[in-house]
Number of protein chains: 2
Amino acid sequence: MTDEPVVTVTIKDVARLAGVSPASVSRALADPGQVRPGTRERVHRAAAALGYHPNQAAHALTTGRTRMIGLVVPDITNPIFSTIFQAVQGRAREGGYSVLLVDTGEDPATEVDLVRTLARQVDGFLLCSPRAAQEYLDPFLRATAVVTINHRGRRVPCVTSDNADGARQVAEHLLALGHRRLAYVAGPAASSDNRERLRGLRAAVAAAGAELTDFTAVSPTYDGGTAAADLVLATSATAVIAFNDVIALGLLNRFTARGIGVPQQISLVGFDDIPFAAMTNPPLTSVAIAKQQIGRTAVDFLLDLLDGRQRPGGSRLMLPTHLIVRGSTGPSVLTR
Amino acid sequence: MTDEPVVTVTIKDVARLAGVSPASVSRALADPGQVRPGTRERVHRAAAALGYHPNQAAHALTTGRTRMIGLVVPDITNPIFSTIFQAVQGRAREGGYSVLLVDTGEDPATEVDLVRTLARQVDGFLLCSPRAAQEYLDPFLRATAVVTINHRGRRVPCVTSDNADGARQVAEHLLALGHRRLAYVAGPAASSDNRERLRGLRAAVAAAGAELTDFTAVSPTYDGGTAAADLVLATSATAVIAFNDVIALGLLNRFTARGIGVPQQISLVGFDDIPFAAMTNPPLTSVAIAKQQIGRTAVDFLLDLLDGRQRPGGSRLMLPTHLIVRGSTGPSVLTR
DNA sequence: CCGATGTTTGGAACCGATTTCAGTTGCGTT
DNA sequence: AACGCAACTGAAATCGGTTCCAAACATCGG
């Protein structure tokens, strides 16, 4: 049991106990090579004896580095983002950083506001699925390192998923099942994921000479999905692709409530492969993305940026996606 | 458009432009009543013109307050915790605080470790469903304000839910449906929520002369639930109560896979009422807790503590819970 | 054994705010 | 007009580290 101090112990206390100057303590702790082994020994012993923990504020003030990174997400209750958070926290911690999580509630204005007020408190931002237009954020990011996740900005390091290819896999899967009339329930217009998913679908569907209608969900949430369900049913589509699994779950719920069989009467596909997607009845066919790797790599990119390292391949990575076929997709019926 | 500075603008720059001393700038900004209206005017104008934002690190160093609160949760992918996070962030922001989220991965050792390293960076902690024993955390919390959520510690402000009463509601609901043999799939032993839920069940079941078996899930996760399912089926229980909805979903999935009808052959109840509980088939009967209010109140308690305010009623609150009956519970069959 | 060289080390300045203390100013009295 | 008091302001110390600079020390070759 270390006996924790009631008053804060500073570098001076350690210096006094070790019989050296505060400057040497700082050096011994920060860069052991700079100080003689004997001194290093004594300092470390003294620090341990006193239970010394450096004052982060003071460190931040002198170095200009807070050792915190800000992770900005639209909605932490979406499992995709909470999983990314875990990966980010894990990697950040390895590098000695803490994570300031910011939930923007899907609101671009809140996003800008929070980024602005926090810009001085973090060394860098991980902007995950940003909903605000780049130009609104830019001014506040001048002095701050930024890596975007799920968004490809110009000249900003980013890690993304190959959404277009995921969408292609979905389309081909459905086309192979005989579907000719597909519907897409879109996500936020500002989301580049959304744009690429739509693009990928359009390309594959057009190539097959099939037909694609698209709708925009009110919001990329469960309720957005339930609300969109009736719009979809008003079309003659035999398969629906949702921007994400949460919307898909909303659709599924409403379809079931309306007595529409999935996949007997309509097939349903989501994106993100959140854990709950496997738990529904029927389990949801979905496009998996590499959440863990996205989070870890984004942190790596950010730390590179902060430490002035250059990546050989440049700090841009697009990770492959893959379709996971479950029970919510099946052969097309000619009419509903 | 404010023209954002490339170099950081400090209080001195503002002072120079306003023609006053740095001290007056500090006063004008922190406590406007302390300076003459004219001075205040000039300072504010200068600050705005330069786009001045105070350096948080310097502020933290002098005042000893970081204006950050740490929210420690076992698993942010559990919707119950991400929802609490949102509530906490909302309230914290109103009070001018940021939230450092810490995910302990359900591991007590990680929890202690993270609390220790972060104790100096936050003004206070919100310990949500702590898994570590109080005595391990205590040493690091001596100098830090703490409010616990979902955990009643001695002499620590806390906000909890009336789990025992929620459990009573569950038991009475099931007993009324004719169930006489119940099973409880427990959560982490360290969780006081778990203990109270079990206590509430035991009391009500005993009062009715019925029978309760309990198991411990490997972990309070979906996989923990699927793993526990077969143990439950090995008993003759006609109704199962899970520690939380996530476990319940795991049970449901495995029951369905085994061809056991819910609620025809076995009834199922969860706790927390996470959004996904309503989306399953059948939708899950669950005990709702006041997530939003828990988060908000916990922040209020913590800020009171930080500002040295005393609550009239003391900083301890237990919020009511209520059973939401959905499709996963039904009349008991005599045998399975 | 001495000077040259390279390491360690301590003193002091500094980061950007806050706050004490003392001096100045403004105002109301007489 | 002079005085006293209160309100306001600025200089300087301070928070707890980091880092520049120069002094002290050790090490080496000649």
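Per chain, numbering begins at 1; letters A, B, ... match sequence-line order.
- The closest side-chain heavy-atom distance from B/Leu319 to B/Ile294 is below 4.5 Å.
- Comparing B/Arg27 and A/Ala57, the nucleotide of DNA chain D nearest to each residue sits closer to the 5' end for B/Arg27.
- By the 4.5 Å heavy-atom criterion applied to side chains, A/Thr77 and B/Pro79 are not counted as neighbours.
- Heavy-atom distances to DNA chain D give each of B/Val20 and A/Ile11 a nearest nucleotide, and the one nearer the 5′ end belongs to B/Val20.
- Here the C1' atom of nucleotide C/dA17 and the CD atom of B/Gln56 are 11 Å apart, to the nearest Å.
- Closest approach of A/Leu114 to A/Asp103, counting heavy atoms only: CD1-O, 3.8 Å.
- Here A/Ser26 lies in heavy-atom contact (under 4.0 Å) with a base.
- Atom C1' of nucleotide C/dC15 and atom NE2 of B/His59 are separated by 16 Å, given to the nearest angstrom.
- Distance check: B/Glu41 CD to B/Arg36 CZ gives 13.5 Å after rounding to the nearest 0.5 Å.
- The outermost nucleotides of DNA chain D lying under 4.0 Å from heavy atoms of chain A, listed 5' to 3', are D/dG16 to D/dC20.
- Side-chain atoms of B/Asp123 never come within 3.5 Å of backbone atoms of B/Ile69 as a donor-acceptor pair (strictly under, hydrogens ignored).
- Per the geometry, CZ belonging to A/Arg40 stands 12 Å off C1' belonging to C/dT8, to the nearest Å.
- For the pair B/Val14 and B/Leu29, the minimum side-chain heavy-atom distance is 4.5 Å or more.
- Taking atom NZ on A/Lys12 and atom C1' on C/dG10, their separation rounds to 14 Å, with Å as the unit.
- Atom CG in A/Leu61 sits roughly 12 Å away from atom P in C/dT18 (whole-Å rounding).
- Using a 4.0 Å heavy-atom cutoff across all strands shown, B/Val25 reaches no nucleic acid atom at all.
- Here the C1' atom of nucleotide C/dT9 and the CZ atom of A/Arg42 are 11 Å apart, to the nearest Å.
- Between the CG atom of A/Asp31 and the P atom of C/dT9 there is a distance of 13 Å, given to the nearest Å.
- At a threshold of 4.5 Å between non-hydrogen side-chain atoms, the residues B/Val115 and B/Val72 count as touching.
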